[in-house]
Amino acid sequence: MSTIISIHSYRGGTGKSNSTANLAALLACEGYRVAIVDTDIQSPGIHVLFGFDEERIRLSLNDYLWGKCAIADAAYDVTPTLGERAKPGSQLFLVPSSVKLMDISRIIRDRYDVELLHLGFQELIQALQLDYLLLDTHPGLNEETLLSLTLSDIVLLVLRPDQQDFQGTAVTVDVANRLQVPHVLLLLNKVLPHYDFEDLRQKVIATYDTPVAGIIPLSEDVIDLASNGIFSLKYPEHPLSQIYLQISQQLMQL
């Protein structure tokens, strides 16, 4: 039985893709078979964290949606990224979206059959025998997002301590609850270190009546890495990596 996890944010710039990559890697390191699908088709980016560029992406999620290939054909085995931390059985796959301007323009102009995403997720789970499927979603609420939320066992909403994020997240929490998502969690990211984290946690829980999976401080070390790899794998002993590890353990318990 596989678990589908959507990592979502109401606005861009929350660190959603970084969080997705780190959590997927940590889950895979525990001996699970994990895949990431970049469903942020209009502004893809998670592939960069795995060292992909336009030349390396031969097939993408776009090709599957346009009927050019099976979705498993667009899945790249990125297990070597895990390094020595990988336990026996660990597998990590990435299904990127195309970064080519013409492909992005076509998606925006012509759209695609959203139901194919549903079918594709199920095909991918079966073809790769996945334990976890993580969906890196497009910010905001649209048809693709609603489908992802509907299909998810867990929705992890990433937000910053910002009034626009707070208001947008309230809408998203309400939508997820109406869709009867089994588990909805919040992840506060880019929090200034001088904040009282416990006080912030309690205020957020009271505001949304939703559990807080973790609070991640704004880190110059993450900024300095500049998306050149997966932080928790490069710096496993870093306090931020330990927070990601705690969040991944919570996900495994749900």
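Counting only heavy atoms from C-beta outward, the side chains of Pro217 and Phe197 approach each other to under 4.5 Å. For the pair Val222/Ile216, no side-chain contact is recorded, criterion being any heavy-atom separation below 4.5 Å from C-beta on. At least one side-chain heavy atom of Leu188 sits under 4.5 Å from a side-chain heavy atom of Val212. In this structure, Val78 and Phe52 have side chains that are in contact, with non-hydrogen atoms separated by less than 4.5 Å. Residues Ser219 and His238 form a side-chain contact, since some pair of their non-hydrogen atoms from C-beta on lies under 4.5 Å apart. Here the side chains of Asp131 and Val34 are not in contact, with every heavy-atom distance at 4.5 Å or above. Annotation: side chain of Pro96 is in contact with side chain of Tyr76 (closest heavy-atom distance under 4.5 Å). Between Tyr195 and Pro161, the closest side-chain pair of non-hydrogen atoms falls below 4.5 Å.
Within a 6.0 Å sphere centred on OH of Tyr208, other residues, nucleotides and ligands contribute more than 12 heavy atoms. Within 6.0 Å of the CZ atom in Arg178, the count of heavy atoms belonging to other residues, nucleotides or ligands does not exceed 12.
When hydrophobic residues (I, L, V, M, F, W, Y) are linked wherever their side-chain heavy atoms come within less than 4.5 Å, the members clustered with Ile104 are Ile108.
Residues Pro139 and Gly12 come closest through the heavy atom pair CB-N, 3.8 Å. Of all non-hydrogen atoms in Ala28 and Gln91, the two that sit nearest each other are CB-O, 3.8 Å. Closest of all the heavy-atom pairs between Ala25 and Leu82 is O-CD2, 3.6 Å.
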- Stepwise side chain to side chain contact (heavy atoms under 4.5 Å, CB included) check, Leu135 with Ile5: CA-CA 6 Å; Leu135 308 178; Ile5 305 173; over 6 Å; no
- Task: Begin from the C-alpha positions of Leu218 and Val191 and carry the test side chain to side chain contact (heavy atoms under 4.5 Å, CB included) through to its verdict.
- Result: CA-CA 5 Å; Leu218 181 66; Val191 178; over 6 Å; no
- Message: Apply side chain to side chain contact (heavy atoms under 4.5 Å, CB included) to residues Thr81 and Leu233 and explain how you reach the verdict.
- Response: CA-CA 8 Å; Thr81 306; Leu233 298 180; 3.9 Å; yes
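Distance OG/Ser17 to CG/Asn22: 11.0 Å, rounded to 0.5 Å. Interatomic distance, CG of Leu23 versus CE of Met252, reported as 10.0 Å (0.5 Å rounding). Distance NZ/Lys100 to CD/Glu54: 6.0 Å, rounded to 0.5 Å. Taking OH from Tyr132 and CG from Leu92, the interatomic distance works out to 14.0 Å, rounded to the nearest 0.5 Å. If you take CG on Leu254 and NE2 on His183, they are separated by 5.0 Å, rounding to the nearest 0.5 Å. Here the CZ-CZ distance, from Arg111 to Arg106, works out to 13.0 Å after rounding to the nearest 0.5 Å.
Between the side chain of Thr39 and the main chain of Asp136, a donor-acceptor pair closer than 3.5 Å is present. Judged by distance alone, the side chain of Gln250 and the main-chain N or O of Ala213 form a donor-acceptor pair under 3.5 Å. Judged by distance alone, the side chain of Asp73 and the main-chain N or O of Cys69 form no donor-acceptor pair under 3.5 Å.
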Anything under 3.5 Å between a donor and an acceptor, one on a side chain of residues 239-248, the other on a protein residue two or more places apart or in another chain? List them.
{"unit_1": "Ser241", "atom_1": "OG", "unit_2": "Tyr235", "atom_2": "O", "d": "2.6"}
{"unit_1": "Gln242", "atom_1": "NE2", "unit_2": "Pro236", "atom_2": "O", "d": "2.7"}
{"unit_1": "Tyr244", "atom_1": "OH", "unit_2": "Ser19", "atom_2": "OG", "d": "3.1"}
{"unit_1": "Ser248", "atom_1": "OG", "unit_2": "Leu245", "atom_2": "O", "d": "2.7"}

Determine all donor-acceptor pairs shorter than 3.5 Å in which one atom belongs to a side chain in residues 147-159; sequence neighbours excluded.
{"unit_1": "Ser148", "atom_1": "OG", "unit_2": "Glu144", "atom_2": "O", "d": "3.1"}
{"unit_1": "Thr150", "atom_1": "OG1", "unit_2": "Leu146", "atom_2": "O", "d": "2.7"}
{"unit_1": "Ser152", "atom_1": "OG", "unit_2": "Ser6", "atom_2": "OG", "d": "2.6"}
{"unit_1": "Ser152", "atom_1": "OG", "unit_2": "Ser148", "atom_2": "O", "d": "2.5"}
{"unit_1": "Asp153", "atom_1": "OD2", "unit_2": "Ile4", "atom_2": "N", "d": "2.8"}

Enumerate donor-acceptor pairs with a distance under 3.5 Å from any side-chain N or O in residues 58-66 to protein atoms, sequence neighbours excluded.
{"unit_1": "Ser60", "atom_1": "OG", "unit_2": "Asn62", "atom_2": "N", "d": "3.3"}
{"unit_1": "Ser60", "atom_1": "OG", "unit_2": "Asn62", "atom_2": "OD1", "d": "3.3"}
{"unit_1": "Ser60", "atom_1": "OG", "unit_2": "Asp63", "atom_2": "OD2", "d": "3.3"}
{"unit_1": "Asn62", "atom_1": "OD1", "unit_2": "Ser98", "atom_2": "N", "d": "2.8"}
{"unit_1": "Asp63", "atom_1": "OD2", "unit_2": "Ser60", "atom_2": "N", "d": "2.9"}
{"unit_1": "Tyr64", "atom_1": "OH", "unit_2": "Leu116", "atom_2": "O", "d": "2.8"}
{"unit_1": "Tyr64", "atom_1": "OH", "unit_2": "Gly120", "atom_2": "N", "d": "3.1"}

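In this view, Arg85 satisfies the salt bridge (charged side-chain N to carboxylate O under 4.0 Å, His left out) rule with no residue, not counting sequence neighbours. For Gln249, there are no side-chain hydrogen bond (donor to acceptor under 3.5 Å, both in side chains) partners at least two apart in sequence or on another chain. Shown here are the side-chain contact (heavy atoms from CB on, under 4.5 Å) partners of Ala21, two or more places apart in sequence or in another chain: Ile46, Leu49, Phe50, Ile230. Considering only residues two or more places apart in sequence or on other chains, Glu84 meets the salt bridge (charged side-chain N to carboxylate O under 4.0 Å, His left out) condition with none of them. Legend: residues meeting salt bridge (charged side-chain N to carboxylate O under 4.0 Å, His left out) with Lys68, ordered by chain and number and at least two apart, are absent. With sequence neighbours excluded, the residues that form a side-chain contact (heavy atoms from CB on, under 4.5 Å) with Lys234 are Leu225. With sequence neighbours left out, the side-chain contact (heavy atoms from CB on, under 4.5 Å) criterion links Glu198 to Asp196, Arg201, Gln202. Applying the salt bridge (charged side-chain N to carboxylate O under 4.0 Å, His left out) criterion to Asp165, with sequence neighbours excluded, gives Arg11, Arg160.
Hydrophobic cluster membership differs between Tyr32 and Phe93, with clusters built from Ile, Leu, Val, Met, Phe, Trp and Tyr side chains linked at under 4.5 angstrom. Under the 4.5 Å side-chain heavy-atom criterion for grouping Ile, Leu, Val, Met, Phe, Trp and Tyr, Phe166 is connected to Leu141 within one hydrophobic cluster. In the hydrophobic cluster analysis, where Ile, Leu, Val, Met, Phe, Trp and Tyr join through side-chain heavy atoms closer than 4.5 angstrom, Val204 is grouped apart from Leu187. At a threshold of 4.5 Å between side-chain heavy atoms, the hydrophobic network of Ile, Leu, Val, Met, Phe, Trp and Tyr places Val114 and Leu124 in one connected group. Ile71 and Tyr112 fall within the same hydrophobic cluster, where Ile, Leu, Val, Met, Phe, Trp and Tyr residues are linked whenever their side-chain heavy atoms come under 4.5 Å apart, directly or through other members.
The side-chain hydrogen bond (donor to acceptor under 3.5 Å, both in side chains) test with His8 singles out one residue from Thr169, Thr14, Thr137, Thr20, and that residue is Thr137. Of the residues listed (Leu251, Val37, Leu94, Leu27), the one engaging Leu134 in a side-chain contact (heavy atoms from CB on, under 4.5 Å) is Leu27, and it is the only one.
Using a cut-off of 4.0 Å between Lys/Arg side-chain N and Asp/Glu carboxylate O, Lys87 and Glu30 are scored as salt-bridged.
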